[in-house]
*Asks:* 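Pasting a structure here, questions to come.
Each ligand, and each atom within it, is numbered from 1 in the order the structure gives.
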Amino acid sequence: MSHPLITLPHPPTCSWPQFDSQDEAAVLSILRHGNVSTHEVIRELEHDYAIFSGRRHALAHNNGTSALMAAFHALDLQPGDEILVPAATFWASALPMLWFGLIPIFCESEMHRLGPCPDDMRQRITPRTKAMVIVHLWGLPARMTELRALADEFDLKIIEDASHTHGASWNDIPCGRLGDISVFSLQGDKLAPAGEGGIFLTDDANYWERAVCLGDITRIIELESPARRFAATSFGIKTRIAPMSAALGKIQLQKLPKHNARRNANHIKLSQQLEKLGFETFLPPAHIQRVYFEFLIRHRDPNYDVASFIERLRAVGGQVAAPRYPLLHQQPFFTEGHWKSICRAPNRELPTTELPRTEAENARLIRLPNFPSDDNGILDQYADAFAQLA
Ligand SMILES: Cc1ncc(COP(=O)(O)O)c(C=O)c1O
């Protein structure tokens with residue numbers, strides 16, 4: 001190792017998630033109550049998320065993947081219909097659609113917001129295109145003005161994957177309210193973690209009812225519509241959240257503003273220093289309130305040797321790395337054709353085999369640790385190390 005420059009311990013400044021006696025009491029109260037499957041806290045969590053996001057309907061799920069699955073089911077599309085989705089995202093933004101015979105059409109990402117590129121999406125629209133998945137990657141709201149205009153022009157539904165953006169907003173509209181259906185993940189790394197959990201949000205009662213029928217048997221019995229006849233079967237899966245997770249998720253949502261404020265302050269402080277050294281740190285324009293699920297940066301020089309910079313930083317104690325999601329269109333599940341066995345589309349080929357811009361830009365990104373807690377001085381050590389090595 002070179003002479004270390006980052007010597008302070010990463011915990012506690014970088015430790016996440018953060019739980020205290022309030023979280024413990026919330027979980028314990030469910031355990032002591034005894035109803036560990038359908039406790040009222042599930043409805044309380046849904047109510048809180050509906051208010052938080054300004055939506056009419058919420059349905060809690062056992063994880064974000066299930067909530068996305070419910071979203072694809074809710075749209076009631078036909079096998080072979082196409083859905084635009086960025087390749088630079090976690091697999092759950094795309095793969096659940098395959099179970100309904102829907103075809104993911106992978107798109108380029110937009111360079112400065114990292115979400116789907118509206119111009120590239122436009123090129124890929126066909127008569128079979130019915131919806132788009134918008135992901136606000138790493139906590140940065142996507143190019144909503146252009147994406148919404150495109151969706152309106154071609155009558156496409158929007159599924160908003162807001163898994164990284166609890167507390168972010170675009171033009172004062174909260175993430176979670178920017179899609180026909182919006183989804184949060186409450187998985188343990190997320191900004192409001194519940195252990196495992198997911199929230200399905202919509203203003204459309206039919207979409208909500210289809211999500212209920214897919215996976216929440218308790219709620220089907222309560223429906224006052226003809227769909228109640230499915231109470232003895234559901235549509236074949238079970239995706240209800242566990243009350244202990246719901247209790248945790250509820251408390252973490254209450255703490256979100258405080259948690260986000262501290263995380264944002266740390267990341268913005270370091271970003272301002274790194275900007276002076278030639279890095280793009282994705283500080284948002286005025287109409288966007290961003291949050292930081294993860295802290296990604298990129299050198300402004302496209303020819304900068306990122307791999308060797310990461311190596312040099314690691315050699316002095318920096319915990320930096322490449323972004324953690326591999327690009328979906330390059331994964332064996334797609335390149336070797338396995339996706340077709342789930343989608344039951346044996347004769348279909350995916351049109352997207354190369355995304356040159358996303359591939360090039362993704363390779364330039366550098367992932368820093370998150371700094372969610374009070375700074376113990378480590379931010380200055382990172383700034384110094386960058387200044388010496390960049
Ligand atoms: C962008 C994105 N979408 C969806 C998910 C799926 O959420 P979960 O892990 O709760 O199933 C995740 C995270 O894990 C994610 O990062």
*Asks:* Applying ring-ring contact (aromatic ring centres under 6.0 Å, His included), which residue pairs with at least one partner in residues 237-264 are found, sequence neighbours left out?
*Replies:* Trp16-His259
*Asks:* Check each N or O atom of ligand 1 against all protein N or O atoms and list the pairs under 3.5 Å, with atom names and distances to 0.1 Å, one per line.
*Replies:*
| residue | atom | partner | partner atom | Å |
| --- | --- | --- | --- | --- |
| ligand 1 | 3 (N) | Asp161 | OD1 | 3.3 |
| ligand 1 | 3 (N) | Asp161 | OD2 | 2.6 |
| ligand 1 | 3 (N) | Ser163 | OG | 3.4 |
| ligand 1 | 7 (O) | Ser185 | OG | 3.2 |
| ligand 1 | 10 (O) | Gly64 | N | 2.8 |
| ligand 1 | 10 (O) | Ser185 | OG | 2.7 |
| ligand 1 | 11 (O) | Gly64 | N | 3.3 |
| ligand 1 | 11 (O) | Thr65 | N | 2.8 |
| ligand 1 | 11 (O) | Thr65 | OG1 | 2.5 |
| ligand 1 | 14 (O) | Lys190 | NZ | 2.8 |
| ligand 1 | 16 (O) | His164 | NE2 | 2.7 |
| ligand 1 | 16 (O) | Tyr325 | OH | 2.9 |

*Asks:* Check the pair Glu280, Arg364 against salt bridge (charged side-chain N to carboxylate O under 4.0 Å, His left out), reporting the backbone distance first and the verdict last.
*Replies:* CA-CA 11 Å; Glu280 178 173 12; Arg364 293 175 52 211; 5.9 Å; no
*Asks:* Determine whether the aromatic ring centres of Phe279 and Phe309 lie less than 6.0 Å apart.
*Replies:* yes
*Asks:* Which other residues belong to the hydrophobic cluster containing Phe52, where Ile, Leu, Val, Met, Phe, Trp and Tyr are joined when side-chain heavy atoms lie under 4.5 Å apart, directly or via other members?
*Replies:*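 Its cluster mates, by chain and number, are Ile42, Leu45, Tyr49, Phe184, Leu186, Leu191, Ile199, Leu201, Ile241, Leu253, Leu256, Val291.
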*Asks:* Apply the test salt bridge (charged side-chain N to carboxylate O under 4.0 Å, His left out) to residues Asp189 and Arg324: give CA-CA distance (whole Å), side-chain angles for both, the deciding distance (0.1 Å), then the verdict.
*Replies:* CA-CA 13 Å; Asp189 295 339; Arg324 65 172 159 145; 3.4 Å; yes
*Asks:* Going by side chain to side chain donor-acceptor pair (under 3.5 Å), name the residues that satisfy it together with Asp203, two or more places apart in sequence or in a different chain.
*Replies:*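 Partners of Asp203 by the side chain to side chain donor-acceptor pair (under 3.5 Å) criterion, ordered by chain and then number, come out as Arg55.
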